[in-house]
**Q** 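Before anything else, here's the structure in question.
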Protein chains: 4
Amino acid sequence: MTSSTDTLTARQQQALKTRQKLLHAGKETFLEYGFQKATISHIIKKAKTGYGTAYVYFKNKDELFMIIMEDLMNEFYQVAEMPFTPASKEEALEQIKKQVQLFLSLAIKEKEMMSIVKEAIGLSPEIEKAWYDIREKFISRISLDIRYAQQNKLARLNVDAQLVARGWFFSNEMFMWELVQNSTHYSLEEVIHNLTTIYANGLYE
Amino acid sequence: MTSSTDTLTARQQQALKTRQKLLHAGKETFLEYGFQKATISHIIKKAKTGYGTAYVYFKNKDELFMIIMEDLMNEFYQVAEMPFTPASKEEALEQIKKQVQLFLSLAIKEKEMMSIVKEAIGLSPEIEKAWYDIREKFISRISLDIRYAQQNKLARLNVDAQLVARGWFFSNEMFMWELVQNSTHYSLEEVIHNLTTIYANGLYE
Amino acid sequence: MTSSTDTLTARQQQALKTRQKLLHAGKETFLEYGFQKATISHIIKKAKTGYGTAYVYFKNKDELFMIIMEDLMNEFYQVAEMPFTPASKEEALEQIKKQVQLFLSLAIKEKEMMSIVKEAIGLSPEIEKAWYDIREKFISRISLDIRYAQQNKLARLNVDAQLVARGWFFSNEMFMWELVQNSTHYSLEEVIHNLTTIYANGLYE
Amino acid sequence: MTSSTDTLTARQQQALKTRQKLLHAGKETFLEYGFQKATISHIIKKAKTGYGTAYVYFKNKDELFMIIMEDLMNEFYQVAEMPFTPASKEEALEQIKKQVQLFLSLAIKEKEMMSIVKEAIGLSPEIEKAWYDIREKFISRISLDIRYAQQNKLARLNVDAQLVARGWFFSNEMFMWELVQNSTHYSLEEVIHNLTTIYANGLYE
DNA sequence: TATGAATGAGGATTCATTCAT
DNA sequence: TATGAATGAATCCTCATTCAT
């Protein structure tokens, strides 16, 4: 908290503000045009900064998008981190339902942005990679849950936790994309009920 | 086997040949460059035809690709049409395993091409649509199977066949893409065993 | 009327029919798409003939259009040929009004086609030339009329008949294009009245 | 003459210079190739700038052309604005002659460019529009003149000023195009004499 | 006379990114 | 830190026309 740090902070604050402006303008722009059609030009115009300025803060469009995506992804990470300690098959079912519900609800809450994310995944390897990381995070967490259940003799032992977790997450993820893109007529409840019923009964004994 | 239909116009035969040349050159080009980087220019050079010629037969790159894709997709359609009439839970498990095995094996056999298909799906709405059609075909077929099993009191009745079929196919599809892109270290057998175990035990009583 | 001529006629009739089909399809196509956007491809498809067939009868799109235009142009030629033999200034005014009226009415009657003609003039030197011929025809005829009036001491002598005819026709032509393209709010009557009033009073004494 | 406005950004000066280079090269190119055959590629090569640079300053070829045309059009506008306040029929005739003379002389002075303008009018709706605006400007001004003369009892009252102005300008414009394209053998003087004689005697009493 | 397969020249335009200031 | 002028690669697709049959 010396003076030098304060002065620095003053400068940094300006920089931070510029960065925020760009981020904000970026989100609006992506939401308006989609990932592909949004241009850096659009963004800097909306942020009222110079061309080069965007490149001071972000390597390119992909990186700018990924940083915008980050907050959202963090919310997903939090969902992934939910505790899972069922004492019985019934409790497991309950907790699993809860998790699926949270996961899908979050995606639906951020439908518009997730829709752009979906588009961006198909277009940018970097962003695809970022999503794969989220996916792996979820899968690891689910694997842990499965192993916990196996150790407690709740889940069948003749399956590989990792693989089962993968398959399970894949189903969830795909339904998520469909919900996000409004390409399904099923209700959230129906999806959750059916998904978890098969999974929980298949895995738990 | 009468003249008119067989002889059909030496001219048309020439045309057919040209079309085949283009298709062949197209496949090679896509395999070599990937979907995005392959250009019509590459293709006609390889086919040794004039520029406009490609446009006589195909509206654009997407359409050309889709026609090349078609043969492959037909193989998938055949897999989707496999009969499914289990008399018991054990038989069901067996038949399901068989189907998954066929589905994934086909994809692996055509790994290279499927990898390009994956790329193209993210890039061309038309091709995405074509793949979605395949998907729905599979899902419909699986729904039928589930309903059959439900009617024969093999499968649990408190689930929606369509929805379960969707979730089940999604898992399979996602693993398929991973296998195709070599992005998994699991063996085909492991994948099949774990996927079907959960699914069959979850669905069948 | 010998047999050979009849047989020949039979063949020629077929040819004539094909030609007519093309001409008819051409007119429809030009009317539908305009000159520029109409393609030979559109036309032969509508005429249900082969590609090359159009080129058997017409050198190119311009020529095909000009032949379609011909009937219309002939109607203009007829208007241009109208007799003009006034005995007095009043009669001259009357006859001039009549001519303008016929000229503009014809153009309005064929508004749609004339609109395409206008477009084509700007796009094809050949068609521009064809229209220029019509124009010269009118101007020559008007020159004759003026000279007739000059000889009869009806019209002032200190002007060049050719040049006056030109100027007079130009006014008429320009109003004609405006009427054809609906780019004027004046009524036909107003136009005629004002045009002829100035002209007749300027020329006739 | 203060600093801020004058100094304006060495950078902007450079930009302005580039823009001028492009404009200059554009004019040369259009003059050399005509409107249709001139390409942006030709222009940037002559201006020694990068491809995209042209698009920084001008939306497309049409816009570039219109800006080049602008100077010329401004000269026309000035001619259109000439005062007209005759006290007698003779003075009116004199002043009208003067105006026609200025109008046609200007066009002849810029013969080459006007020839390209004529071509461009038939090819680009935007440019056609730009010319139509000039035309309306002239017509409005002439209308005013006619009304002035009518109020002073110099011109006949039984005609519509707007309409007469239109017809009169049309004649002038058409002769102008002919002079510009060398498609007439009449001398400027002959044209002026004949045009104005009819018009002035027709309109003025 | 009729066909239709094959041709290929040709130019506009975008936009992410750089770099000198 | 901020700017913004300049860049230029890279590909699409049309369509009138020909010519061998």
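A, B, ... follow the sequence lines: proteins, then strands. Residue 1 opens every chain.
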**Q** Go through DNA chain E and write down every stem, that is, every run of at least three consecutive Watson-Crick or G-U wobble pairs with distances under 3.5 Å, as range with range.
**A** E:2-21 with F:2-21
**Q** Measuring from Ile43(D):CD1 to Thr53(D):OG1, what's the distance to the nearest 0.5 Å?
**A** 13.0 Å
**Q** Residues two or more places apart in sequence or in another chain: which of them pass side-chain contact (heavy atoms from CB on, under 4.5 Å) with Leu31(B)?
**A** Lys27(B), Glu112(B), Met113(B), Ile116(B)
**Q** Provide, to the nearest angstrom, the distance between the CG atom belonging to Asp62(D) and the P atom belonging to dA12(E).
**A** 10 Å
**Q** Asp62(D) and Ser124(D): which non-hydrogen atoms are nearest, and at how many Å?
**A** OD2-OG, 2.7 Å
**Q** If I take atom CD1 in residue Ile43(C) and atom P in nucleotide dG4(E), what distance separates them, rounded to the nearest angstrom?
**A** 17 Å
**Q** Can you tell me the distance, in whole Å, between the CD atom of Gln12(D) and the P atom of dA6(F)?
**A** 11 Å
**Q** Quick one: list whatever passes ring pair (Phe, Tyr, Trp, His ring centres under 6.0 Å) with Phe35(A), sequence neighbours left out.
**A** Phe30(A), Phe65(A)
**Q** Specify the separation, in whole Å, of atom NZ of Lys48(D) and atom P of dT7(F).
**A** 13 Å
**Q** Start at the 5' end of DNA chain F and walk down; is the nucleotide closest to Thr49(D) or to Ala54(A) reached first?
**A** Ala54(A)
**Q** For a quick test of reading the model: is some side-chain N or O of Gln14(D) closer than 4.0 Å to OP1 or OP2 of dA6(F)?
**A** yes
**Q** Among all residues two or more places apart in sequence or in another chain, which pass the side-chain contact (heavy atoms from CB on, under 4.5 Å) test with Glu63(A)?
**A** Phe58(A), Lys59(A), Asn60(A), Ile67(A)
**Q** First locate atom CE of Met114(A), then atom CH2 of Trp177(A), and finally report the distance between them rounded to the nearest 0.5 Å.
**A** 4.0 Å
**Q** What's touching nucleotides 13-21 of chain E from the protein side, N or O pairs under 3.5 Å?
**A**
unit_1, atom_1, unit_2, atom_2, d
dA16(E), OP2, Ile40(A), N, 3.1

**Q** Residues two or more places apart in sequence or in another chain: which of them pass ring pair (Phe, Tyr, Trp, His ring centres under 6.0 Å) with Tyr33(B)?
**A** His42(B)
**Q** Rounded off to whole Å, could you give me the NZ-to-P distance for the Lys17(D) and dA6(F) pair?
**A** 10 Å
**Q** Rounded to whole angstroms, how far apart are NZ on Lys21(D) and P on dA5(F)?
**A** 15 Å
**Q** Could you state the atom-to-atom distance from CG of Leu16(B) to C1' of dG4(E) in whole Å?
**A** 15 Å
**Q** In whole Å, I'd like the distance from the CD atom of Gln13(B) to the P atom of dG4(E).
**A** 16 Å
**Q** Is any side-chain heavy atom of Lys17(B) closer than 4.5 Å to one of Gln13(B)?
**A** no
**Q** Minimum heavy-atom separation for Lys46(A) and Thr29(A), please, with both atom names.
**A** CD-OG1, 3.9 Å
